[in-house]
Protein chains: 2
Amino acid sequence: MQDLTDRSNTVVGMPTDAPMHTRVHASEELRQVALEQFATVGFAASSLQQIADHAGYSKSSVLYHYASKEALLEAAIEPAIDAMESLVADFVAGGRSVAGRTVFIERFVDFLLGHRLAVHTFVNQGQSLRGIPVIERAIVAIRALADSMCEADAPLGERLRFGIALGGAVYTLVADATFLDEEHRTVVDAADIRAALIAVLSELLLPADGRTTR
Amino acid sequence: MQDLTDRSNTVVGMPTDAPMHTRVHASEELRQVALEQFATVGFAASSLQQIADHAGYSKSSVLYHYASKEALLEAAIEPAIDAMESLVADFVAGGRSVAGRTVFIERFVDFLLGHRLAVHTFVNQGQSLRGIPVIERAIVAIRALADSMCEADAPLGERLRFGIALGGAVYTLVADATFLDEEHRTVVDAADIRAALIAVLSELLLPADGRTTR
DNA sequence: TCAGGTCCTGCACGATCGGTCAGATTCACG
DNA sequence: CGTGAATCTGACCGATCGTGCAGGACCTGA
């Protein structure tokens with residue numbers, strides 16, 4: 001996933017023995033690599049050395065672009081939190097009706113597809129990252145989403161549905177996709193995944209007529 | 001604070017009865033503390049020092065009872081993998097019918113409730129733990145469960161349903177329960193959770209006749 | 001030409017990691 | 001009593017962690 005607007009190296013002459021990686025935006029590249037590491041092996045297990053190696057930089061370079069490992073995490077997942085906050089704001093504005101929920105589910109799936117790594121990071125590692133400001137923001141946003149999704153009178157069944165939808169979708173989009181498929185790599189179309197996710201989440205989050213959640 | 005992963009077998013009198021009136025359950029205690037740490041903050045982020053402190057022992061004592069950090073992980077999650085393997089074996093033997101699935105779902109929920117921490121550990125951290133034998137076993141078991149759940153002809157929708165059920169249930173039982181509730185700690189009854197989980201998972205995994213996404 | 005800014009790196013630091021090992025303590029059994 | 005096994009611990013090791021710092025390479029404007 002790299003946009004190579006590179007223009008300096010067209011393999012003509014240039015007998016440059018040095019690697020001399022003229023990158024486009026180093027900070028963007030580092031942010032992406034770090035996000036993949038955080039999501040797949042975890043924040044604590046991701047060392048700056050690994051991230052730097054994976055991106056082709058030195059550890060010092062990482063700390064030049066980002067003041068600390070925490071700052072790197074912040075930069076990596078902040079866009080996703082912004083998107084989630086606007087998502088819940090729109091949902092609250094749109095109302096809890098079936099129509100409003102239907103619109104929400106579609107946007108929610110698009111949000112998950114667009115920020116799957118970041119969401120997986122703060123959803124499944126939020127516990128170990130308490131205290132980091134951006135994580136607290138994420139937790140607040142998740143709680144706000146859950147609260148707006150279901151009122152307090154029918155907490156157990158509805159809240160459980162939302163939790164399963166959130167955790168399940170994130171799992172299928174990251175963990176499951178990376179170690180369950182892996183062999184029968186039928187190159188599934190992204191649009192198919194989107195449609196199937198919307199279908200299942202609609203089942204979970206839209207009030208069906210006959211349901212025994214009491 | 002106690003978990004119901006008892007499974008103790010100290011009922012019958014052992015041949016060489018050794019009545020250590022000291023802390024007989026040192027290794028058990030360490031195993032439980034380690035499992036909590038692994039599940040909540042992650043394997044990589046859990047240091048032997050932290051585990052030892054939480055259990056009231058020294059780091060050396062942990063390494064006396066368990067040869068290595070990996071061995072501690074093995075001891076912590078192996079019972080859950082055994083249970084999962086027998087679970088999938090029973091399901092395969094019982095057949096894929098609706099009745100078979102109904103029975104399976106109930107046992108599956110009980111399995112999740114009994115081994116929630118262990119399952120959460122190898123489900124959500126399996127990626128970063130590749131190479132550890134016990135984790136490979138877990139991955140094989142999960143894949144076997146998914147394969148036995150849905151045949152290959154309708155892969156996307158069915159597999160997605162199973163993934164959401166698994167990841168969602170694990171999420172709600174561990175991550176969600178520890179940082180979503182937290183404030184409005186309405187002491188929910190375990191039986192209620194069980195019933196609600198069974199209901200939702202039945203929706204997801206039982207073939208509904210009219211599965212129109214409206 | 002020089003000065004200054006941007007980008008990147010090597011080196012060194014204190015802390016902590018998993019792990020080894022030599023005792024200290026206890027206790028059953030002779 | 002002594003002896004050996006079981007249990008627990010502190011001291012220590014090499015490696016790696018995140019981070020600070022000085023400086024080199026490169027580009028740009030004066």
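Model, not experiment: these values are computed from the prediction. First the proteins, then the strands, lettered A, B, ... as listed; each starts at 1.
- Proximity of B/I142 to B/M84: side-chain heavy atoms (C-beta onward) are separated by under 4.5 Å at one or more points.
- Here the side chain of A/Q50 is nearest to one of C/dG18, C/dT9, D/dC17, namely D/dC17.
- With respect to A/I77, the side-chain contact (heavy atoms from CB on, under 4.5 Å) criterion is satisfied by exactly one of A/L117, A/D82, A/I132, A/V134: A/V134.
- Following rounding to the nearest Å, B/Q49 (CD) and D/dC12 (P) show an atom-to-atom distance of 16 Å.
- Under 4.0 angstrom from either OP1 or OP2 of C/dC17 there lies at least one side-chain N or O belonging to B/S47.
- A/H115 and A/A83 get closest at one heavy-atom pair: CE1-CB, 3.8 Å.
- Between A/H65 and C/dT6 there is no side-chain N or O to OP1 or OP2 distance below 4.0 Å.
- D/dG18 atom P lies 4 Å from atom NZ of A/K69, rounded to whole Å.
- Using a 4.0 Å heavy-atom criterion, one finds that B/S46 contacts the sugar-phosphate atoms exclusively.
- Side-chain atoms of B/S60 and base atoms of D/dG10 include a donor and an acceptor less than 3.5 Å apart.
- B/L48 has its CG atom 16 Å from the P atom of D/dC8, to the nearest Å.
- Within a 6.0 Å radius of CZ in A/R137, other residues, nucleotides and ligands contribute more than 12 heavy atoms.
- When the side-chain nitrogen and oxygen atoms of B/Y64 are compared with OP1 and OP2 of D/dC8, none of them lie within a distance under 4.0 Å.
- A straight line from CD1 of B/I51 to C1' of C/dT16 spans 15 Å, rounded to a whole angstrom.
- At the heavy-atom level, B/S61 lies under 4.0 Å from base atoms of the strands shown.
- In this structure, B/L73 atom CG and C/dG18 atom P are separated by 13 Å, rounded to whole Å.
- Proximity note for A/K59 (side chain, C-beta onward) versus C/dT9, D/dT9, D/dT19: the nearest is D/dT19.
- Whole-Å rounding puts the B/L63 CG to D/dT7 P distance at 15 Å.
- With 3.5 Å as the limit, one finds a donor-acceptor pair spanning the side chains of B/E36 and B/Q32.
- In this structure, the NE2 atom of B/H25 is 13 Å from the P atom of D/dC8, given to the nearest Å.
- Between the P atom of D/dC8 and the OH atom of B/Y57 lies a distance of 5 Å, rounded to the nearest Å.
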